[in-house]
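Reviewing the structure listed below.
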Amino acid sequence: MAESPSHSKSSLTQLEDHNKEDTSAGACEHKSTADLYLVLFDADDLANPKNLSFARKWYLSIAACLLVLNATFSSTAPSPLIPTFTQKFELSEEVGTLTVSLFVCGYCVGPLIWGPLSEQYGRRPIFIVSFSIQTCFQIGCALSQNAASILVFRFLSGAFAAAPLANSAALVSDIWDASERGTAIAIFALTPLAGPALGPILTGYLIIAGVSWRWVFWILTFFSGICWLLIVFTIPETYAPVLLVKKAKEVRKRTGDERYHAAMEIQNLSFAQRIESILARPFKILFTEPMMFAITLYMSFVYGCLYLLFEAYPVVFTKGHSLNAGASGLMFLPLPFGGFIAFATYIFFLNPSYEQKVKECAPNPVPPEYRLRVAMISAPPFAVSFFWFAWTSYPSISIWPPMMSGALLGWSACLIFLSLSNYIIDAYLSVAASALASNTVVRSLFGAVFPLFATQMYARLGPQWASTLLGFIALILMPTPFVLSKYGPVLRIKSKYAPSRPPPSNPPA
């Protein structure tokens with residue numbers, strides 16, 4: 001049935017609601033309220049990703065999480081191979097560590113490219129292209145004959161593996177309403193913990209089995225190849241503006257009326273404007289927004305500490321407790337275990353209170369500062385976990401106390417990521433993609449750099465004082481969510497990118 005002008009006009013309210021809930025609808029901002037031929041979704045339109053069934057939404061959310069897991073698992077899987085590389089290719093330990101650091105450096109490049117491209121061409125084609133090329137670079141690692149080739153292919157693999165880091169969370173926001181998004185996003189808080197922790201476990205036991213180091217990269221190849229098949233056969237396009245372009249073409253074909261169009265088709269951005277949006281705006285937000293700078297600094301430190309552990313744990317457990325590669329890998333298990341506990345804590349104890357606040361504030365949105373309560377709960381335990389790890393890491397003490405400190409670290413880090421990521425999305429709703437891109441780039445830079453100095457720091461200071469130093473830095477950064485909870489409403493009023501209503505008379509505690 002052809003779309004009528006009156007029908008298209010009646011759908012304008014739907015688009016306005018969609019814009020408030022989903023940053024991906026920012027492409028529709030240029031529409032005119034008098035445009036009667038603007039093609040939008042009907043109320044029960046099956047083409048609208050938000051009208052997918054509950055089961056389908058959860059399948060896509062879990063599939064998107066698996067794509068992120070592929071990237072984070074691939075980042076640390078070669079870390080137990082560093083001694084092998086240093087011996088086989090006659091490298092220093094610092095150069096051997098680049099097999100992890102350069103992959104994470106690729107994360108610094110990827111989000112700036114894949115996020116904006118997905119807002120031009122859709123999520124699905126970017127996923128398909130990036131995973132197919134990433135799989136090829138994993139094959140390149142497996143077939144490399146020298147260290148230089150491995151390092152180059154690792155960096156390129158990381159750049160293409162970064163596509164789900166930029167777009168999987170966007171896919172989730174495409175299909176869930178704002179009131180439901182928190183639970184789905186909680187899954188993504190697990191992947192920075194689960195993937196990096198599982199990688200060294202697998203590789204450690206491959207080393208014990210005596211198989212070639214190349215098998216690690218063949219396994220990574222199979223993993224990314226399976227993800228590519230999953231995308232091709234089961235993940236549809238979910239970006240609403242791109243879907244509306246497709247619908248507009250169908251309407252024009254049915255009616256023969258060329259006046260029907262989607263909002264994305266009437267944009268007229270110059271090349272310079274597109275470059276500004278892709279590269280400059282994320283960093284404008286980062287360096288001109290005090291809230292964004294503070295959040296990014298704190299999240300980057302937490303993320304860097306997670307990757308630092310992949311150099312620190314071998315010092316404590318492999319050298320200090322004389323564990324083999326497989327057993328040393330098992331020491332990382334409390335990290336994802338703590339993450340799963342954090343997920344359960346959020347779902348059953350913390351998120352219900354937020355859902356209640358949504359009802360209380362309706363029809364107005366909940367102030368973003370309410371998202372910070374989770375970080376306010378988890379920031380102190382994050383600092384405590386390093387002091388725990390520091391002073392139980394003596395070889396004379398059982399492996400259990402330092403190992404279990406990872407559970408508290410994983411629990412607190414997961415909740416910090418979850419809280420501050422949701423805060424960024426809520427506070428910078430109209431430019432959330434750019435805000436998250438800058439956050440991901442800086443966070444990944446910390447994740448790449450921290451392992452490079454970890455071994456020397458732990459060797460010179462000793463495990464006790466090196467971990468204590470990290471604990472004191474965590475204490476210094478701990479007030480970040482508390483300060484933003486108090487001053488965030490005022491800062492948002494003054495912000496260019498996070499417009500806000502006047503702050504409530506009773507800000508969140």
Side-chain angles (χ1 to χ4, degrees), residues 11 14-15 17-25 27-28 39-71 114-115 118-119 121-131 163-191 194 223-250 262 264 340 343-344 346-348 351-352 354-355 358 418 421-422 425 432-433 436:
S11 299
Q14 298 173 31
L15 183 60
D17 292 339
H18 184 270
N19 284 342
K20 293 177 183 178
E21 295 174 350
D22 186 6
T23 58
S24 67
C28 301
V39 176
L40 301 169
F41 292 126
D42 299 326
D44 298 319
D45 198 330
L46 295 180
N48 186 349
K50 285 187 165 57
N51 289 333
L52 293 171
S53 68
F54 183 79
R56 181 66 169 160
K57 287 181 179 180
W58 269 111
Y59 169 78
L60 292 177
S61 298
I62 294 172
C65 184
L66 182 64
L67 302 185
V68 178
L69 185 68
N70 170 265
W114 307 123
S118 76
E119 293 174 351
Y121 303 104
R123 319 291 188 204
R124 177 177 161 84
I126 299 304
F127 279 140
I128 291 175
V129 171
S130 62
F131 268 86
L165 299 182
N167 295 330
S168 285
L171 184 153
V172 170
S173 67
D174 289 343
I175 62 179
W176 294 98
D177 292 328
S179 60
E180 303 169 310
R181 188 189 305 141
T183 302
I185 289 290
I187 300 178
F188 287 90
L190 292 173
T191 54
F223 191 4
S224 59
I226 290 172
C227 288
W228 181 81
L229 292 174
L230 189 74
I231 296 165
V232 171
F233 293 106
T234 69
I235 297 182
E237 181 56 63
T238 61
Y239 187 49
V242 169
L243 292 172
L244 287 171
V245 169
K246 180 181 178 181
K247 182 175 182 179
K249 292 178 180 178
E250 293 174 352
M264 199 177 212
F340 282 110
F343 177 76
Y346 181 80
I347 296 299
F348 295 111
N351 194 55
Y354 182 81
E355 292 177 347
V358 170
L418 178 59
S421 295
N422 276 321
I425 293 172
L436 289 171

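Other residues, nucleotides and ligands place more than 12 heavy atoms under 6.0 Å from the CG atom of L229. Atom OH of Y354 is surrounded by more than 12 heavy atoms from other residues, nucleotides or ligands within 6.0 Å. The neighbour count for Y59 OH, taken as heavy atoms of other residues, nucleotides or ligands under 6.0 Å away, is above 12.
Closest approach of K50 and D177 over heavy atoms only: CD-OD1, 3.2 Å. When all heavy atoms of W176 and S61 are compared, the pair lying nearest together is NE1-OG, 2.8 Å. Between K57 and L52, the closest heavy-atom pair is CE-O, 3.4 Å. Minimum interatomic distance between D44 and N51 (heavy atoms only, all atoms of both residues): C-ND2, 3.6 Å.
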Go through it in stages, so that I can follow the logic: the residues are N70 and F131, the test is side-chain contact (heavy atoms from CB on, under 4.5 Å), and I'd like the CA-CA distance, side-chain angles, deciding distance and then a yes or no. CA-CA 10 Å; N70 170 265; F131 268 86; 3.6 Å; yes
Where do W114 and S118 land on the side-chain contact (heavy atoms from CB on, under 4.5 Å) test, with the steps shown first? CA-CA 6 Å; W114 307 123; S118 76; over 6 Å; no
Decide side-chain contact (heavy atoms from CB on, under 4.5 Å) for L243 and F41; before the verdict, give the C-alpha distance in whole Å, the side-chain angles of both, and the deciding distance to 0.1 Å. CA-CA 9 Å; L243 292 172; F41 292 126; 4.0 Å; yes
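In this structure, CD1 on I126 lies 9.5 Å from CD on E237, to the nearest 0.5 angstrom. Atoms CG and OG1, from N48 and T238 in turn, are 11.0 Å apart once rounded to the nearest 0.5 Å. Here the CG-CD1 distance, from L230 to I235, works out to 5.0 Å after rounding to the nearest 0.5 Å. Distance check, rounded to the nearest 0.5 Å: CG of L67 to CG of L165 gives 10.0 Å.
Between the side chain of S130 and the backbone N or O of F127 there is at least one donor-acceptor pair closer than 3.5 Å.
Checking L66, L171, V68 one by one against P164, the side chain to side chain contact (heavy atoms under 4.5 Å, CB included) holds for a single residue, V68.
Considering only heavy atoms from C-beta on, I187 comes within 4.5 Å of W58 through its side chain. Between D45 and K247, the closest side-chain pair of non-hydrogen atoms falls below 4.5 Å. The closest side-chain heavy-atom distance from P236 to R56 is below 4.5 Å.
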